[in-house]
**Student:** 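Sharing a structure with you now.
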Amino acid sequence: MKFWNPYPFFRLIVPFAGGILFVTTLDKPEGIEIIHLLILSVLLFAAAILANQYVGYSRRWLPGVFIYVLAFVAGFTLTLTQKEIFNKHHFSRYLHGEQVFKIKISEPPAERARSVRIYAKVLQVIDSTEIHPTIGKVLLYFEKDSAALNLNYGDLLLIRARLSETEPPANPHQFNYKKFLANSNIYHQTYVNRKNWCHEGSRLVNPIFNFSFTARDHMLKLLEKHGLTGEEFAVVSAILLGYDERMEPELRNLYAGAGALHVLCVSGLHVGIIFLIVSFLLKSLQKNKTARLIKFITLLLSIWAYAFITGLSPSVLRASVMFSLFSWRELRKEKANSYNVLAASAFLLLAFDPFLITKVGFQLSYSAVLGIIALNEPLSKIFVFRNPVAEYIWKLIVVSLAAQIGTFPLAIYYFNQFPLYFLLANIIVIPLVWLIVYTGIITLVTAAVLEVFAPLMTKLLYYQVFILNISVEYINRLPFAKIEGLVLTFTGVILIYLIIILITRFLVKKEGKYGVAILGLSVIFTAGLLYQKAQVLTQEKLVIYKINGHSAMDMFFGH
């Protein structure tokens, strides 16, 4: 227990996240209502207090057990209340064929090749005799024309459509789009022809999100106005502003194959750059409490302004909350426990939106940072260089290796591949991303204030991204750039992470019990792989695929 004492949030986040995952993976248990869970929570809280006061030393673990169960129930209850499909006012309760719906566009529409993709909230289901106020989100694809392209976040529309449940995967190992949407509280979708919708009333917008989307759109237009186009525009908009709608699958796959996909998502790297820039500019504000307070407020405003502009993605939210907590500790001149700060940021975000835990970006972001926190120091001590260039390159290698160790089980689980040249990629890519973020910020400021210099800065930005794309493409063309076709079960992911944690503890503590545990888990993991191999070798099956307009089948005998 002493090992866990300095990490209260780290201890709480595990059962809290467990309660969230229980609801996201299972349907609502029959007979359990919110009021029952609230009563249970009060009883657990009271039991924890009483146990802490009256239980003897031999049972000192009992209050902790009650707190852990309370954290699990809290995560369970929170997620249950936010899973809209369970609400009696969900629009699915009123569906019967083609109907009229009043909707509000909840995100900026995204242009596709033949349609306009729109996420919307269903405000009303309108029958011939009654109007039903409803809640719930829906995915819509509008027929692409000038009217659909002019739709905006917050627009109110009347549509006539038949809303259908999202189809589950029709083929083996196919991406589960139904589950992906369900984790965003979306269970229905449809296609809307131009003749079947019209504007209804004025826009209803959240002023904070409206500011975020408007500011980002304005900056994207500034970059396009001054000559940034094509793949270079797609990469800059993703790296600098978190807008990846222009990223073609081929370009995205190049970055994934090189092990550099993380730079295309605004995350801790990008927020950290903003944090360091502002900290450097305000480094003189350390003399007294008032000066430190001014620095803290300025840092907060800078971090969250950047977060809003980039669309408040899970990875940027994680980084923004974490850097805000570090800034608070710096203001109070307290030594921050990195594990606790990381867990506290996750706890706050999941309390705000429990479904974030299902997002791949959220999982990869936290696992990468956790890997860096745990492994950066022990790995960096392996070699010490006096040459500053060699030291910088070694630090890049260590950070990249630590992040890769933290993320590779999830990366294999989701993407079934592993990039072999990720160290080379990060040595090249990370310095270039720093340059692109710096140059991009200067370009945007110049375009807004000194427009005459904007074309020159845009041209410089173009060449930096061009070099980045060429580098990534070259790494992909190297022999054996990546291993594909890797398969890892969720149980395998958990076992690998447990082994990594135990190896880290063994390197720090040098205690034999960790070595024994590592050996035991390795045997279990290997046995699981052998069992899967045996299942494959003995299989005999026929698979008939569902493909629109085509016929395809596979016959499997062993491999």
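Throughout, numbering of the chain's residues begins at 1 and tracks the sequence. The analysis underlying the following values was restricted to heavy atoms, covering all of them including side chains, and did not include hydrogens, waters or symmetry mates.
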**Student:** For residues Tyr545 and Asp554, is any side-chain donor paired with an opposing acceptor at under 3.5 Å?
**Tutor:** yes
**Student:** List the residues meeting ring-ring contact (aromatic ring centres under 6.0 Å, His included) with Phe556, not counting sequence neighbours, and say none if there are none.
**Tutor:** none
**Student:** Between Glu165 and Lys178, is there a salt bridge with N-O shorter than 4.0 Å?
**Tutor:** yes
**Student:** May I ask you to test the Leu44-Ile67 pair for a side-chain heavy-atom distance under 4.5 Å?
**Tutor:** no
**Student:** With no hydrogens and no angle check, is any side-chain donor or acceptor of Gln539 less than 3.5 Å from a backbone partner on Gly558?
**Tutor:** yes
**Student:** Is a donor on one side and an acceptor on the other found under 3.5 Å between the side chain of Tyr366 and the backbone of Ala346?
**Tutor:** yes
**Student:** Heavy-atom distance under 4.5 Å between the side chains of Lys179 and Thr358, does that happen here?
**Tutor:** no
**Student:** If I compare all heavy atoms of Ile20 with all of Pro354, which pair ends up nearest, and what's the gap?
**Tutor:** CG2-O, 3.3 Å
**Student:** Determine whether Val543 and Pro172 make a side-chain contact, defined as any pair of heavy atoms from C-beta on separated by less than 4.5 Å.
**Tutor:** yes
**Student:** Does the side chain of Ile499 reach to within under 4.5 Å of the side chain of Ser522, using non-hydrogen atoms?
**Tutor:** yes
**Student:** Which atom names give the shortest non-hydrogen contact between Leu502 and Tyr514, and what distance separates them?
**Tutor:** CD2-CD2, 3.8 Å
**Student:** May I ask you to decide if Gly485's main-chain N or O and Asn416's side chain share a donor-acceptor pair within less than 3.5 Å?
**Tutor:** no
**Student:** Indicate whether any N or O donor in one side chain lies under 3.5 Å from an N or O acceptor in the other, for Tyr414 and Gln363.
**Tutor:** yes
**Student:** Run Leu396 and Asn426 through side-chain contact (heavy atoms from CB on, under 4.5 Å) and show every step you take.
**Tutor:** CA-CA 7 Å; Leu396 272 180; Asn426 282 293; over 6 Å; no
**Student:** Nearest 0.5 Å please: distance from the CD1 atom of Ile524 over to the OG1 atom of Thr491.
**Tutor:** 11.0 Å
**Student:** Show, in sequence, the C-alpha distance, side-chain angles and deciding distance for Leu486 and Gln417, and conclude whether the side-chain contact (heavy atoms from CB on, under 4.5 Å) test is met.
**Tutor:** CA-CA 6 Å; Leu486 299 173; Gln417 64 179 20; 5.8 Å; no
**Student:** Please check if atom OH in Tyr474 has more than 12 non-hydrogen atoms from other residues, nucleotides or ligands closer than 6.0 Å.
**Tutor:** no
**Student:** For residues Phe72 and Tyr68, establish whether the separation of their ring centroids is below 6.0 Å.
**Tutor:** no
**Student:** Should the ring pair Phe418 and Phe408 be called parallel, tilted or perpendicular, given that the plane angle runs from 0 to 90° and is split at 30 and 60?
**Tutor:** perpendicular
**Student:** State, with a plain yes or no, whether a side-chain heavy atom of Tyr392 is found less than 4.5 Å away from one of Asn387.
**Tutor:** no
**Student:** Among all residues two or more places apart in sequence or in another chain, which pass the side chain to side chain donor-acceptor pair (under 3.5 Å) test with Ser184?
**Tutor:** Lys359
**Student:** Count the heavy atoms belonging to other residues, nucleotides or ligands that lie under 6.0 Å from OH of Tyr177, then report whether that count exceeds 12.
**Tutor:** yes
**Student:** Under a 3.5 Å distance rule, please check whether Asn185 uses its side chain to pair with a backbone N or O of Lys83 as donor and acceptor.
**Tutor:** no
**Student:** Do Tyr421 side-chain atoms and Pro479 backbone N/O form a donor-acceptor pair below 3.5 Å?
**Tutor:** yes
**Student:** Take a 6.0 Å sphere around CZ of Phe385 and say whether it holds more than 12 heavy atoms from other residues, nucleotides or ligands.
**Tutor:** yes
**Student:** Under the rule for ring-ring contact (aromatic ring centres under 6.0 Å, His included), what residues qualify as partners of Phe45, not counting sequence neighbours?
**Tutor:** none
**Student:** Any idea which heavy atoms bring Thr504 and Ala374 closest together, and the distance?
**Tutor:** CG2-O, 4.0 Å
**Student:** Does Ile436 offer a backbone N or O that forms a donor-acceptor pair with the side chain of Thr439 under 3.5 Å?
**Tutor:** no
**Student:** Going through the checks in order, is the side-chain contact (heavy atoms from CB on, under 4.5 Å) test met by Ile397 and Trp394?
**Tutor:** CA-CA 5 Å; Ile397 291 173; Trp394 174 238; 4.0 Å; yes
**Student:** Does the side chain of Leu435 reach to within under 4.5 Å of the side chain of Pro431, using non-hydrogen atoms?
**Tutor:** no
**Student:** Under the side-chain contact (heavy atoms from CB on, under 4.5 Å) criterion, do Val73 and Thr77 qualify, and how do the steps go?
**Tutor:** CA-CA 6 Å; Val73 174; Thr77 306; 3.8 Å; yes
**Student:** Okay, side chain of Asp353, backbone of Leu349: is any donor-acceptor separation there less than 3.5 Å?
**Tutor:** no
**Student:** How long is the gap from CG on Leu375 to OG on Ser380, to the nearest 0.5 Å?
**Tutor:** 10.5 Å
**Student:** How about CZ on Phe490, more than 12 heavy atoms from neighbouring residues, nucleotides or ligands closer than 6.0 Å, or not?
**Tutor:** no
**Student:** Taking the side chain as C-beta and beyond, is there a heavy-atom pair between Tyr187 and Thr166 under 4.5 Å?
**Tutor:** no
**Student:** If you round to the nearest 0.5 Å, how far is CG of Leu542 from CD1 of Ile544?
**Tutor:** 5.0 Å
**Student:** With no hydrogens and no angle check, just 3.5 Å: does a side-chain donor-acceptor pair link Asn469 and Tyr255?
**Tutor:** yes
**Student:** Show the nearest heavy-atom pair for residues Gln82 and Ala351, with the distance to one decimal.
**Tutor:** NE2-O, 4.3 Å
**Student:** Is the number of heavy atoms from other residues, nucleotides or ligands within 6.0 Å of CZ (Phe557) greater than 12?
**Tutor:** yes
**Student:** Quick check for you: to the nearest 0.5 Å, what is the distance between Tyr413 atom OH and Ile496 atom CD1?
**Tutor:** 12.5 Å
**Student:** Any chance you could measure Asn340, atom CG, to Arg11, atom CZ, to the nearest 0.5 Å?
**Tutor:** 10.0 Å
**Student:** Mind listing the closest non-hydrogen atom pair of Ser400 and Phe422 along with its distance?
**Tutor:** O-CE1, 4.1 Å
**Student:** Leu488 and Pro409: which non-hydrogen atoms are nearest, and at how many Å?
**Tutor:** CD2-O, 3.7 Å
**Student:** Between atom CD1 of Ile470 and atom CG of Leu432, what is the distance when rounded to the nearest 0.5 Å?
**Tutor:** 12.0 Å
**Student:** Less than 4.5 Å apart, any side-chain heavy atom of Leu370 and any of Tyr339?
**Tutor:** yes
